[in-house]
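What follows is a single structure, written as structure tokens, with notes after it.
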Amino acid sequence: MIRRIAGSLARKKGNMMGKAVGLITEYNPFHNGHQYHLQQAKQLTQADTVIAVMSGNFVQRGEPALYDKWQRSAAAVENGVDLVLELPVAFAIQPGPFFAQGAVEILVAAGVSEIVFGAEHAEWDFMALAKAIQQAPDDSQIFQQYDQPYASSYNQMLKERFKIEITSPNDWLGLSYAFALLALGQADQVQLRAIQRQGSAYHAVELHPQQFASATALRQALQNDHLNVEQLALYVPKGTQRLFLEQAPLDWQPVKQWSLLKYIVMTREITELEQIYQLNDGLAQRLQKTVQAYWQLEVLDWDDFMQSFKSKRYTYSRLQRNLLYVLLNITQNEMEFAMQHLYLRPLAFNVQGQAWLKALRKQATLPVIGRVNQENSKTILKLDVRAGRLYEYFQPNHQVSNKDVHQHPFILKGASHEMEFK
């Protein structure tokens, strides 16, 4: 993992306006559970400003978001977030530790004093656990069991040494946030707070009006056209309702990437494929062999394809991310460069968020990107611009508008709630 020295991120809070709390999100889509998280964070911290760092057009599972980052960030601000900053694609489509590393570093640079997240075990002291793990003797042989995923090996270590087992994605992320703060030297400056996650399980697929729906269930209901206008109010706040009623979600099925994936894999030499980020340790050969077995099919059973590609060593999510790295043609060197050159890119904000952003620009420890230009589009924004174009490729009729280059942040103006992209 790439770690930066704490001194490079020392926060200068003298001119910041009050107190800010940070949230780490995907908002895919923003639902009532997210609204609860937002309200609890404000109540718990008494913060003046809520800053959310949000994944861009692609999410951690390696799939495109239901709506693009501009639409989702606008809905988040309408629903009460003050400022939404983008989590660059180099971190957004990574496993938990790297995802957390980028998100936490952005929030620290943005000047938050607390980070609040939802967890299945909110009673745990995630920071204390992270410190205990760091101080434990190193036993690297536990992680040399190549017949099981890394997370399974890590859980084995936790059970043996600390008598706990982590099975929830949110708890894994909570521990990763703690490690990220420790790596940045900010564990004593930024407080990490867990709140009890409410409602349906993380991957639940059923909608229950009496409890918060999972994002997974909402995505499936929207894509299958199973929600009417009256039902929307049961599961999502007003900003998201407006988005659902005005814009159709991306009609995404994993098999839609097949033609593009097939072309890339079948026209590359193995040595070229091995240059793709994390397509190593025999994965390039395995992928090409799997594609060759299916390549004559115009339409295929995606689950069947993934089962053929999968091995005991890697999870489904890891391999789905691998395929996205191939589609985005991200090399090892490009990923390393992107992870070493973070930035603050506002996607949406209200008046309060705009004031915080104005103060932040004067003392930010990371570059603040207001506009895309020739220089940053070919350097620190290179992968995000590329991801934006791939997202547009998946739109109906491959509608390409190059929004990553031309779109300005969404601004929610004053009490009149005048809205515009500017």
Side-chain angles (χ1 to χ4, degrees), residues 26-29 55-69 71-72 89-90 92-96 99 149 151 169 202-206 214-226 247-268 273 276-279 283-284 286-330 383 386-400:
E26 287 187 328
Y27 291 155
N28 187 36
S55 300
N57 289 326
F58 291 87
V59 294
Q60 198 183 9
R61 294 181 310 281
E63 297 180 350
L66 198 63
Y67 290 91
D68 72 33
K69 61 189 179 186
Q71 295 167 320
R72 288 166 27 247
V89 69
I93 55 174
Q94 293 275 13
F99 177 93
Y202 186 82
H203 292 301
V205 296
E206 298 293 331
S214 72
T216 301
L218 280 169
R219 285 193 297 271
Q220 290 192 9
L222 281 167
Q223 289 172 326
N224 295 327
D225 200 23
H226 288 168
Q247 302 287 337
L250 179 70
D251 182 19
W252 166 254
Q253 298 297 331
V255 73
K256 288 195 171 185
Q257 62 194 314
W258 173 237
S259 60
L260 183 57
L261 178 69
K262 181 170 59 174
Y263 172 78
I264 293 173
V265 173
M266 296 301 292
T267 57
R268 300 273 183 96
L273 290 174
I276 300 295
Y277 179 65
Q278 288 195 344
L279 208 64
L283 271 180
R286 187 179 184 90
L287 176 59
Q288 192 171 80
K289 181 179 179 181
T290 306
V291 170
Q292 285 175 341
Y294 288 85
W295 76 278
Q296 290 183 318
L297 298 176
E298 292 296 327
V299 179
L300 80 162
D301 184 319
W302 188 256
D303 289 334
D304 184 58
F305 172 80
M306 289 299 292
Q307 284 302 316
S308 297
F309 182 37
K310 195 178 182 305
S311 69
K312 292 182 179 179
R313 185 177 179 184
Y314 301 113
T315 65
Y316 184 100
S317 294
R318 157 67 193 268
L319 294 177
Q320 182 61 55
R321 286 192 294 267
N322 279 126
L323 298 183
L324 181 56
Y325 302 150
V326 172
L327 296 178
L328 288 170
N329 194 32
I330 301 178
L383 295 187
R386 192 183 300 172
R389 288 173 178 165
L390 180 64
Y391 187 89
E392 291 179 346
Y393 173 83
F394 290 136
Q395 296 279 6
N397 302 318
H398 308 309
Q399 297 171 358
V400 177

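The basis for the numbers below is simple: all heavy atoms, side chains too, and nothing from hydrogens, waters or symmetry mates.
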[X] [atom1] to [Y] [atom2] distance, which is reported to the nearest 0.5 Å:
X	Y	atom1	atom2	result
Met266	Gln288	CE	CD	6.5 Å
Gln94	Arg318	CD	CZ	9.5 Å
Gln60	Gln320	CD	CD	13.0 Å
Arg286	Leu273	CZ	CG	15.0 Å

Would you say the side chain of [Y] lies within less than 4.5 Å of the side chain of [X], judging by non-hydrogen atoms?
X	Y	value
Leu327	Tyr393	no
Trp258	Val291	yes
Asn329	Arg268	yes
Leu287	Asn322	no
Lys262	Leu297	no
Glu63	Pro254	yes
Ile276	Ile330	no
Phe305	Val255	no

- Task: Apply the test side chain to side chain contact (heavy atoms under 4.5 Å, CB included) to residues Leu383 and Leu328: give CA-CA distance (whole Å), side-chain angles for both, the deciding distance (0.1 Å), then the verdict.
- Result: CA-CA 8 Å; Leu383 295 187; Leu328 288 170; over 6 Å; no
Which atoms form the tightest heavy-atom contact between [X] and [Y], and what is the distance?
X	Y	value
Leu283	Gln278	CD1-O, 3.7 Å
Gly388	Asn57	CA-ND2, 3.6 Å
Ala248	Tyr67	O-CE2, 3.6 Å
Leu324	Gly62	CD2-O, 3.7 Å
Gly56	Ala92	N-CB, 4.5 Å

Donor-acceptor pair, [X] side chain versus [Y] backbone, under 3.5 Å?
X	Y	result
Gln395	Leu250	no
Arg72	Pro29	no
Tyr391	Asp68	yes
Lys256	Asp251	yes
Tyr314	Phe309	no

- Item | Test side chain to side chain contact (heavy atoms under 4.5 Å, CB included) applied to Ile93 and Tyr325, step by step | CA-CA 9 Å; Ile93 55 174; Tyr325 302 150; 3.6 Å; yes
- Message: Going by side-chain contact (heavy atoms from CB on, under 4.5 Å), Trp302 matches just one of Gln253, Gln307, Gln257. Which one?
- Response: Gln257
- Message: Walk me through whether Phe99 and Val59 qualify under side chain to side chain contact (heavy atoms under 4.5 Å, CB included).
- Response: CA-CA 10 Å; Phe99 177 93; Val59 294; over 6 Å; no
